[in-house]
Structure formats: C-alpha cells, structure tokens
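Each residue takes its place number in the sequence, starting with 1.
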Amino acid sequence: METRSIASRHIDLRRIALNLLIRINEEQAFSHLLIREALAKLTDGRDKALVKRLTEGTLEYQIRLDYIINQFAKIPVDKMKPLIRNLLRLSAYQILFMDKIPDRSACDEAVKLAEKSGFSALKGFTNGILRNLSRAKDNLALPSETDTPIDYLSIYYSVPAWLVKKWRGEYSYQQTKSICAGLLEIRPITVRLNGKNTAGQVKAWLENLETLGVEAKRHPYLDYAYQLSGIEDIKDLPGFKAGFFSIQDVSSMLVCEAAKIRKEDLVIDVCAAPGGKALHASEKAKKVIAHDISENKLKYIRENAARLKQDNLEISVYDAGSLDESLIDKADVLLADLPCSGLGVIARKPDIKHRLTEAAISELCDLQRRILGVVWQYVKPGGTLIYSTCTINLDENEKMMAWFTANFPFSYDALPENLENIISLNQNEPLKGMLKLLPGIHLTDGFFICRLRRDD
C-alpha cells in the first residue's frame, strides 16, 4: 500500500509539472507566476521541491533536451503533439540530470502519464525514445566547441542560437560563455535588511535563522544584503511579517546606491512594480512617488509598504508614457527602471529565453525611448536620473543611453565611490556613470545601471 501510495504521488507531481510546462511553452504563460501558484497548493516541502526542480530544470535545459530527443525520434520535437513533446522533455530531464530518479522509473511514469492523458496510442513511441536515450546517455553527441562554437554554446548551455550570436557580437567569447553558464546557476534568495534594524537585532535574527537550519550569508557587495538557503517559504521566516527584511536582488539594491539619495530628496519611480527600489528609496528619502501602469502591479508595493511601515510613499496608477504635468521639474532623483527584455534574470525566469525574439527587443527599445522622452521632464535642473534594466544587451543599455544623452539635456555622472569595488569586477573598462553586472561574472542577476545629471 505504501509503495503504491508513493508511486501514485510521484505520478501526480509529474502531472503537475507536465501541465505547467504545457501552459508555459504552448500558452506563453509566465513560469514564475505559474510555479508560485502551483507550489502554494502543495503542503509537503519535498513535493514542492520536486515540482519546482522538474519544471524549472526542464525549462532551463529545454534546448539541449530537444537536441538530444531529436537524435532518437523520427518526428522532430517541434512537430510532435504538445503534450508528448513536453512529456519527453520532462522525462529526458529526469534521465539526464536527476541521478536520484532511476531511468526505469522516469520511462515507466512517462508511459503512464501518456496513457492517463489520453495518448495510449503513443505509449510505445514515448517508451522507445526514452529507453534508447537512457541506454545512450553516456555517449550523446553534442556540437563541437572548436568547430562550431556558437552551436556548442547554444546547445550545451541551452540558449537560443540567435541570442548567443548577439552576445558574441557584443562580448568576447569567454565572456559570452561565462554569461551562458551563469544563466544555469541556481540564484539564491537575497534579502535586504531594513535600514531601521539595529546591529543587535541583526545579530539576534541571524542566530534565530541558524537554529531553524537556515543559512544566511552576507553578500560581499553590500553589508545589508544576505543570501538565504535552506528555506521553503520565506514568508514564514522570523522577521518577515514585522518588516525586518525585503526580498530583493543586490543588483536592484545597487540602483539606490548609485542614486546617492539624500534625506531631503523627492524621489519619483516611474515604473515602480514590483517595488523593491521604491521601498529601498523610501528608507533614504523624504518622499517617494511610485507609479505603474495598473493597480494589479501596485498591489504588491502597497502590501510591502504596510509591512515595512514605510509611510512616505505616494503610490498611484499612471502610465509612464503619458506626461504628468504636476511632476515637471520636481524630482531630485528619478528612477527609470524601464520594461526590458529581462535577459539578465533568465536564471530566475527561464521561459524568457524561449519566448523572446529579436523583434521583441526592437519593440522594447521603442518603448524605452518613448518613456524616456516623457519622464526626463520630471527631473529638476541639476537633479539625477537613474536608468536601469535587468538585461545585458547593448541596444537597451549603452546604446539607449548614447541616444538619450544626444537628444536630451543630460550628461553622464560619476557613480559613488562605494561602487568602485563592483566596477572593478567588469572585464572591460567601464564607461563613466555606468555599471553592468553580468551573469556568471558578478554575484548578482544581470543588470545595467546608468547615473545621469540634468544639465539645465
């Protein structure tokens, strides 16, 4: 009975992962939102971990998985029925990357899932591919790094070939390889401690976490940032409900460090959701005005502002592409973290690399130019504009800033001295006022920050 119960549970968990993959790949749903929703319905921590690993792992390695599956299938992956191709990906991931799952179990459960999903006629097809893959998995053929380096990076690190080519045109081969490898690294949960916390409170909090088996490691870039591991639900950790900390990557924290916000400053954040930078700024400034395009996007900011007891935020719905005349020449600091391709956070949202296109990047650049052409007017003469994105390509970053400074009254402004230790990690000589953080090279998500000063 117990064995049958465990086997049944494993089938159910794989069915959950399979359904997530189908929705993400076939319906273009957002992986991080769907996975979060699915995990919230599970109660056992081991079940949550398995579903998360199966879904995210398959998405992360999907390009390599497709390449390998195509070696054993007469029908190309992209011509298969959606459920079957996602089932084969899910099962191939278990065979190739999950040593604790016997190959036989991965094959048998795939066949059962095919049957339970109404594809009994394809049980043999599914079983044959997976059995052959299992037998040959130690001798699989991949592109040669020497002869076809672009194909090698694309398949081995599971990055679209067009994107590898794009990065190779902007970075050295070794940098490109490091970026591709970095996107497969597990990104830890990083938190920013509330600036109101005392040293004694921080010490007690760390000791409390240790007793719970949670490892907290201070980030080398910022002394108020900690990387946490060994947790199931961060909302259950000591101090969360009391506003002791916020979930935020260090790359995002560096935006407010670059801004050098003063206690008397008015800060305007024109694309504020999910709110990490606006809330961070509210600890430093007199007032923060946080805008975004919908109430749904602002809901999370409101909840966290209340949790953190930050009452100096003015949060409201506003389209950054439309001019708010009441804010003209008002901002000491303007935060413009604009919609972007998100290439720097693929490690957290692997579906980005499967849905993004070169045309989409071009459209995003048009949107960025349209928003910048409006929001610069909010910066008072002599004030600061911080442009940032969570992407790493030149079009949305350095080239965007070159266009902006050529067409509007802004100049590059030096970054604060306390960021010099991070700037020194860039492999190329950094341009004045800019900081680029690269996956696989820096200990953060991929990110770009530029500090500008209004001239007139």
Next on the checklist: My understanding is that only residues two or more places apart in sequence, or in another chain, count here; which of them pass side-chain contact (heavy atoms from CB on, under 4.5 Å) with A110?
Outcome noted: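 side-chain contact (heavy atoms from CB on, under 4.5 Å) check on A110 returns L87, S91, T126, L130.
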Item to check | Partner set under side-chain contact (heavy atoms from CB on, under 4.5 Å) for S229, not counting sequence neighbours | outcome: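 For S229 the side-chain contact (heavy atoms from CB on, under 4.5 Å) partners, ignoring immediate neighbours, are E215.
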Checklist entry - How far apart are the C-alpha atoms of D292 and I301, what are their side-chain angles, what is the distance that settles it, and do they pass the side-chain contact (heavy atoms from CB on, under 4.5 Å) test? => result CA-CA 10 Å; D292 218 304; I301 306 178; 5.7 Å; no
Check whether any side-chain heavy atom of [X] sits under 4.5 Å from a side-chain heavy atom of [Y], and report yes or no.
X: E60; Y: L183; answer: no
X: L237; Y: I234; answer: yes
X: R89; Y: L21; answer: no
X: Y224; Y: H280; answer: yes

Item to check | M253/H219 under side-chain contact (heavy atoms from CB on, under 4.5 Å): CA gap, chis, key distance, verdict | outcome: CA-CA 12 Å; M253 299 181 205; H219 199 284; over 6 Å; no
Checklist entry - About how many Å separate OG of S178 and OH of Y173, when rounded to the nearest 0.5 Å? => result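 OG of S178 is found 10.0 Å from OH of Y173.
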Next on the checklist: What I want to check is whether the side chains of N296 and S294 have a donor and an acceptor closer together than 3.5 Å.
Outcome noted: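 No.
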Checklist entry - Is there a donor in the side chain of D249 and an acceptor in the side chain of T444, or the other way round, less than 3.5 Å apart? => result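 Distance-only check fails for D249 and T444.
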Ion pair [X]/[Y], N-O distance below 4.0 Å:
X: K235; Y: D233; result: no
X: K203; Y: E207; result: yes
X: D445; Y: R348; result: yes

Checklist entry - According to the interplanar angle, ranging from 0 to 90°, do the rings of W205 and F245 count as parallel (below 30°), tilted (30 to 60°) or perpendicular (above 60°)? => result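 Geometry flag for F245 against W205: tilted rings.
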Checklist entry - Should the ring pair Y157 and Y152 be called parallel, tilted or perpendicular, given that the plane angle runs from 0 to 90° and is split at 30 and 60? => result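 Judged by the thresholds at 30° and 60°, the geometry between Y157 and Y152 is perpendicular.
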Side chain of [X], backbone of [Y]: donor and acceptor closer than 3.5 Å?
X: N132; Y: F72; answer: no
X: S134; Y: R131; answer: no
X: Y221; Y: L443; answer: yes
X: N397; Y: N393; answer: yes

Checklist entry - Would Y93 and R53 satisfy side-chain hydrogen bond (donor to acceptor under 3.5 Å, both in side chains), going step by step from the backbone distance to the final call? => result CA-CA 10 Å; Y93 176 75; R53 170 81 185 276; 2.7 Å; yes
Item to check | Verdict with supporting geometry, L122 and L83, side-chain contact (heavy atoms from CB on, under 4.5 Å) | outcome: CA-CA 11 Å; L122 293 175; L83 184 137; over 6 Å; no
Next on the checklist: Working note: E303 + R307, criterion salt bridge (Lys or Arg N to Asp or Glu O under 4.0 Å); need CA distance, chi angles, decisive distance, verdict.
Outcome noted: CA-CA 6 Å; E303 292 175 353; R307 183 176 62 84; over 6 Å; no
Checklist entry - Which atoms form the tightest heavy-atom contact between K196 and L308, and what is the distance? => result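 In terms of heavy atoms, the two residues are closest at NZ-O, 4.0 Å.
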Item to check | Residue from L163, I346, L364, I352 passing side chain to side chain contact (heavy atoms under 4.5 Å, CB included) with S341 | outcome: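 Per the side chain to side chain contact (heavy atoms under 4.5 Å, CB included) rule, the option paired with S341 is L364, out of L163, I346, L364, I352.
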Next on the checklist: Please evaluate residues L88 and F125 with respect to the criterion side-chain contact (heavy atoms from CB on, under 4.5 Å), reporting the C-alpha separation (whole Å), side-chain torsions for both, the decisive distance (0.1 Å), and the verdict.
Outcome noted: CA-CA 10 Å; L88 287 172; F125 175 80; 4.2 Å; yes
Checklist entry - Can we call the ring centroids of Y387 and F404 under 6.0 Å apart? => result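 Aromatic pair excluded; centres sit 6.0 Å or further apart.
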Item to check | Where at least one partner belongs to residues 75-85, residue pairs that pass salt bridge (Lys or Arg N to Asp or Glu O under 4.0 Å), sequence neighbours excluded | outcome: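 Qualifying pairs: E26-R85.
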